[in-house]
Participant: 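Below is the structure I would like to discuss, written out as structure tokens.
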Amino acid sequence: MSDIQNLKAFDPFADTGDNETTKATNYIHIRIQQRNGRKTLTTVQGLPEEIDQKKLLKAFKKDFACNGTLVQDEELGEIIQLQGDQRLKVSTFLIEEGISRKDMVKVHGF
């Protein structure tokens, strides 16, 4: 009677040592923020560290004919802000230039 086998069951929360399953995936998030009235901002975050974001911002501004800036955030790192709704243009630019794969780009918004 005192031999209860249920207490020796598998512990699903035990550390198994597999670091592959707990590895965070680095998605590139493209969001839109409403300013005042009809004005909007497009934000791009989660870009890889090896990419020069100043050069990428300059290419965005030239190709999309919009203004933009780099914002330093404490938690999220560097964020690119672009004027207007540039979500689809940014995602196609990143995919066509080979910066990211299509499944690594997440487009958020309305």
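Throughout, residue positions are numbered sequentially from 1 according to the sequence presented. Since the structure is predicted, the reported quantities are computational estimates derived from the model, not experimental observations. Hydrogens, waters and symmetry mates are skipped; everything else that's a heavy atom, side chains included, is used.
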Participant: Side chains of Glu78 and Gln45, heavy atoms from C-beta outward: is any pair under 4.5 Å?
Facilitator: no

Participant: For a 4.5 angstrom cut-off between non-hydrogen side-chain atoms, does Val44 reach Ile79?
Facilitator: no

Participant: For side chain to side chain contact (heavy atoms under 4.5 Å, CB included), just list the numbers for Lys61 and Asn67, CA-CA rounded to whole Å, side-chain angles, deciding distance to a tenth of an Å, and then say yes or no.
Facilitator: CA-CA 6 Å; Lys61 289 166 62 172; Asn67 199 5; 3.6 Å; yes

Participant: Give a yes or no answer on whether the side chain of Glu96 reaches the backbone of Ile99 with a donor-acceptor pair at less than 3.5 Å.
Facilitator: no

Participant: Could you state whether Ile32 and Val90 fall into the same hydrophobic cluster, counting links through intermediate Ile, Leu, Val, Met, Phe, Trp or Tyr residues with side-chain heavy atoms under 4.5 angstrom apart?
Facilitator: no

Participant: When you check the gap from the basic side-chain N to the acidic O, do Lys54 and Asp52 get nearer than 4.0 Å?
Facilitator: no

Participant: Does Leu70 share a hydrophobic cluster with Leu82, counting links as ILVMFWY side-chain heavy atoms below 4.5 Å and allowing steps through other members?
Facilitator: yes

Participant: To the nearest 0.5 angstrom, please state how far the NE2 atom of His29 sits from the CE atom of Met104.
Facilitator: 9.0 Å

Participant: Is any side-chain heavy atom of Thr43 less than 4.5 Å from a side-chain heavy atom of Ile30?
Facilitator: no

Participant: If you round to the nearest 0.5 Å, how far is CG of Asp63 from CD of Gln86?
Facilitator: 10.5 Å

Participant: Consider only side-chain heavy atoms of I, L, V, M, F, W and Y, link residues closer than 4.5 Å, and tell whether Leu57 and Val71 are in one cluster.
Facilitator: no

Participant: Test of understanding: clusters of I, L, V, M, F, W, Y form through side-chain heavy atoms closer than 4.5 Å, transitively. Do Val105 and Ile51 belong to the same one?
Facilitator: yes

Participant: Between the main-chain N or O of Ile95 and the side-chain N or O of Ser100, is there a donor-acceptor pair closer than 3.5 Å?
Facilitator: no

Participant: Could you walk me through whether Leu94 and Leu47 satisfy the side chain to side chain contact (heavy atoms under 4.5 Å, CB included) test, starting with their C-alpha distance in whole Å, then the side-chain angles of each, then the deciding distance to 0.1 Å, before giving a yes or no?
Facilitator: CA-CA 10 Å; Leu94 293 175; Leu47 290 167; 4.3 Å; yes

Participant: Please report the shortest heavy-atom distance between Arg87 and Asp85, naming the atom on each side.
Facilitator: NE-OD1, 2.8 Å

Participant: Transitively linked via ILVMFWY side-chain contacts under 4.5 Å: Leu76 with Ile28?
Facilitator: no

Participant: Does Arg35, at its CZ atom, have more than 12 non-hydrogen atoms belonging to other residues, nucleotides or ligands within less than 6.0 Å?
Facilitator: yes

Participant: Mind listing the closest non-hydrogen atom pair of Tyr27 and Asp103 along with its distance?
Facilitator: CE2-O, 3.5 Å

Participant: Can you tell me how the ring of Phe64 sits relative to the ring of Phe93, calling it parallel under 30°, perpendicular over 60° and tilted otherwise?
Facilitator: perpendicular

Participant: Around Gln72, counting heavy atoms of other residues, nucleotides and ligands shown, do more than 12 lie under 6.0 Å from its CD?
Facilitator: yes

